[in-house]
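Below you'll find the structure, written out as structure tokens, and then a few comments.
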Amino acid sequence: MASVIANFDRRWIFLAVGLLVVSLYAAGISSELPESEYVRDFHATLEALPPGAIVLLSADFDPASAAELLPMYQGVIHHLFARDLRIVNVATWPAAPPFTQKEFARIAPLYGKTYGVDWVELGFLPGDDVAMGSIGQSLRSAYPRDDRRTSWADLPLLADVGDNMRGISLLITASAGYPGILEWIAQVGGRYDVTLLAGTTAVQTPDLFAFYPLQLKGFLGAATGATQYLQLAAPLAARLPTGEGALDEVRDENQRRMLVQSWAHILILALIVVGNVIYFRTRVPTGAARR
Amino acid sequence: MKREIPILLTVLCGLAVTWSFFSPVGVSSAMNAELLDWAQVFFSVAFLLGIANLVRISLKQVTAGHADSPYKLVMLAVLFGYLLAGLAEIHGWLPAAFTEEHGNKALRNWGHAKIFVPLQATMFSLLAFYIASAAFRAFRARSLEATLLLTAGAVVMLGQVPIGDELTGGWASRALAFLMVHVNGAGQKAIIMGATLGVLATGLRIVLGIERSYLSE
Amino acid sequence: MMPPLLQVPPSFFSLDSSAPPDVLGGWIACFLTLAVFSFLYRDNPFYKLAEHVFIGLGTAYFALQYYEQGVLQKLQTHIVDASVLETVKLGGHEVPADVAIGLRAAAVVLSGMLLLRLVAPSSWAPRWPLAIMVGVYAALKMTGETQSKLVLLVGNSIQPIVSSEALPFGPDVRIEQTALWFTATKLIYYIGLICVLGHFVFTFRRTRTLAAVSRIGVVTLMITFGSMFGFTVLGRIALLIERVAMLKDYTAPEYALAGGTQAGLLATVLSPPVLLTVLMVALLALGALRRRERSPGPA
Amino acid sequence: MPTVALGLLLALGLQAGAPAASEAGAQPGSGAPARVLAWLEEADASLGGAPAGDPAGATGWIDTAKLPTLITALLFGLLMFRYQRRAARGVEIPIRRIPGLDAIDEAIGRATEMGRPVLYVPGIDEIKEIQTIYSMMILRHVARKTAEFGTTLIVPVRDSIVMTFAEEAVKGGCMDAGRPDAFVKDNIRYLSNEQFAYCAGVAGIMAREKPAANLMLGMFFAESLILAETGFMSGAIQVAGTAKQHQLPFFVAACDYTIMGEEYFAVTAYLTREPNLLGTIRAGDVLKILAVALLVAGIVLATVHALSADPAAPGWADVLRKLLAAGGGGGSA
């Protein structure tokens, strides 16, 4: 084995990655991204909805994937409220509700939205695929009460939601893995008349190209997809009392991270190349190398 | 009796859900909704059983003087403390004034935001370091397959970030778009179709009562 | 994520999630984040503590969610709501209330049988509810996935490989818009799809064509795995950047040990991330020295 | 190949409703495909199938949009049970030898040459995961080989129940090799239940006992990267295998050989000749070939039609798409 690599302590690489990320992030330079086709489709599908339409927004993520998905989730809430769309919020991952409650509590007042009329939080439903099958077939039996234990009678928005996804024109999921967008496609996409959109973590993004665009109208892939979408959604968001757009801070933060992302990728590519160069130059020439 | 009834239950419930998929009208949809609710209840109870198992093993380790006993004690203290706070909130054992001001999720959300989020997020962010060290020490273009993989990986890594286009004059993102839609799209579709045949095979064997392995737990 | 503007100074301890993150919570979050990062140096008491707090709190949090939403909501709330109604809509179908209550009571009994596993692990009773759960799961996954991830995938893939809208070659026409590109990429797509399917055929004699198909299939698979590799790197880096952003947020002067609002070197040094890092590095270095004295071998 | 012809006939012969009749084919043209499409839609309505645009609107006793799924499931079931019975009766179902198996045997051979142990990681999931159950079967094959060669076999596990299954598998393997004494109980080691602590434990074994062969077969998650890297650094020959595609990139990049996706099930079938598995794989192959046939037929028909005089009118490809309950005609694949 190459002696150079064998006794090279990998903690130097850890240090290099840590220093690169901290220093570049502190530099705070942000960069704009061109929007991919699937991000533009995601945005266009939202724009095409008539005001007052009901959207089922599902939080299928946890703290480990919040870094990529929470900015998308905030952007979607702003975009939906800005276009006067009504939101039914559910979650199939147990660790998601605290995130969604906090975002709705922060964003809804900016658009003067009232709970029960403009949005409803139904909370976490256990069972993975079974939870999605239950939501698809009948939201009423899936959730006897909302997340604040008020019954359906006191939630005017839910009066317009029937069974078999009647009344719901669009389903958006912030999907971190299983259960996520692939299970929504299987349990709801093929059975009911509802359009599907997804925001996914980087790990799951390649899977979506098998379903895009016919079974999945559009999607936001990874932190880069989030940044591209925020660039489209920020101008639509409400103005803060200070005159700044409500989404500008989140968009700028994501754009600031793109530069760090870029150089981290360059570092990893360099490590692969250098590692291979050393490996091939010092490999035992007697052909004893493994296949 | 110990094996025939469970298999009968599996077959009956499985066929009921299958029937309601192909004929979703009338009583079949009511039966399906009830069975889905039952499955959610049993899924939750089974999960709670798993936790009882963890607590039992940890207690045994502590009493046996396991090396990490102090840490196990901390774990059990945190577990029961948070559990108690949560149950108090769920069942309203807290003073009315407190719940009035903070709602019935404040304590749990505080623990989630200040303890669970940083721990789980940082645990997974360690992988960024491991990928970097594996990139240098283990990812070798030892065969045509591995070379193709690393090259496609490089195209994605460059095409997704602005610096890629600057370095390659815009070709990185166009190559990425081609790779993702026309090669990765085909590969993913074939992998997913193959995996679905596996799910169909297992599903048929369970719903028709042939698969018995899950009973031997 | 820090709210954009720190209009209100953070209080020492606050349960209000819309207020800026409290100081105590900030110190705890920074300590736990740095304790997990310390695993990169080596397994140490800080990481062990963080790991056990993580398992303890995570287990309790999940238990509470499954208890409240999976057991209470589905059993108690459902039965209480049904008891005041005449008929209950189950999956869009009217069912008399007492039938609904009776059915759900059966679920309560079956859940009790499942709980028996705690006291009598080898008893037959827990098998009934588990058998029902396995049957429902297998049927739901089998039907939904066969339709949307097999039949519809084949059906939706039946498209022409020529396109009427594609443009002929021209000076200002990007290659991606030309008719030749459309047909070429469709061929690459379908050949790749068919060859990967062919690669995963195992029970037919290995003719020369099947070997060639398998070869093209492997090339397609490798590029597919390459794209997954690239995206996974992207995702992991994004997680790390967010962690660094979170630590930077807590370098704000309001969180420093001395409190106060004026920024400056002292406030940064006494801020949770910096101060805790210094303390942990010092303690770990001390530990390394003591280990070296006891056994002079490598650390 | 009568079953394939039967399948093709079944799929084409029987009619099926479509949730959304393709816009292109909506207006009744004059050609034969148009008449067939009109007849299909009319049959749909009579059976109470879901009207276009409302997949959940079926009123009849059968939701005609789901007939293709029913046909596919029945066809697959028939084939699977037929081949299972033939396999159980000893009829030879030829399954090609996956090169990954040779890589496993080669790895064990090298470890024996160098007189160093073989490390077998059976994935990190519980026993209810199908890949862990199959990993136990492969472990039995590996244990037989190591018992024959007298090489030490170490099996670190993350779950106490998997440990008991692993002990059974290794004991069985030693029995198969006729050397029950080769079984060493404390080489089957429960390290830790936590993901990263388990990796640290495996890394410790690799550093201390320097296995010359690392076999990693089963269900893996994000930690596959750490195991593959540590193994590569220890200089061992590495063979990995998992059905879940998300970890395959790291195994391919860091291991000497990788058993990918469905090959994992084929390896188990090859080793165990288990009728259920052989029947499933054979039926899966037949359905894959049927899917490829439908795809090629559909693409050819669609392309010929697109080049024909009147591409707007419904063509045979639209009939095929309707039979497979596919969505609208437009849009890329």
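Every heavy atom of this structure was used, including side-chain atoms; hydrogens, water molecules and symmetry mates were not. Quick note on labels: first sequence line is chain A, next is B, and so on, each numbered from 1.
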Check against side-chain contact (heavy atoms from CB on, under 4.5 Å), C:T59 and B:M75: CA-CA 10 Å; C:T59 309; B:M75 181 188 78; over 6 Å; no

Parallel, tilted or perpendicular: which describes the rings of [X] and [Y], with under 30° parallel and over 60° perpendicular?
X	Y	answer
B:H112	C:Y61	tilted
C:Y137	B:F43	parallel
B:F116	C:F62	perpendicular

Test item: B:S125 side-chain N/O and C:L239 main-chain N/O as donor-acceptor pair under 3.5 Å: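 Answer holds: no.
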
Please round to the nearest 0.5 Å and tell me the distance separating atom CD1 of C:I175 and atom CZ of B:F178.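 The distance works out to 10.0 Å.
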
Could you tell me which portion of [X] (side chain, backbone, both or neither) has an atom closer than 4.5 angstrom to a non-hydrogen atom of chain B?
X	result
C:L114	both
C:I194	neither
C:V218	side chain

Does the side chain of [X] reach to within under 4.5 Å of the side chain of [Y], using non-hydrogen atoms?
X	Y	result
C:S111	B:V41	yes
B:I191	C:F225	yes
C:V154	B:M193	yes
B:P118	C:R243	yes
C:R117	B:V45	no

Does CD in C:E94 sit with more than 12 non-hydrogen atoms of other residues, nucleotides or ligands closer than 6.0 Å?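 Atom CD in C:E94 is crowded, with more than 12 foreign heavy atoms closer than 6.0 Å.
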
Find the one option among C:Q147, C:K74, C:H199 whose heavy-atom pairs under 4.5 Å with chain B are most numerous.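 Maximum pair count with chain B is reached by C:K74.
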
Smallest separation among heavy atoms of B:S29 and C:H93, with atom names: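 Taking every non-hydrogen atom into account, OG-CB, 4.2 Å.
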
Top of B:S58, B:A186, B:G203 for chain C proximity - count of heavy-atom pairs under 4.5 angstrom: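 Highest number of heavy-atom pairs under 4.5 Å: B:A186.
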
Salt bridge present between C:R127 and B:E4 (N-O < 4.0 angstrom):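 Answer for the salt bridge query: no.
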
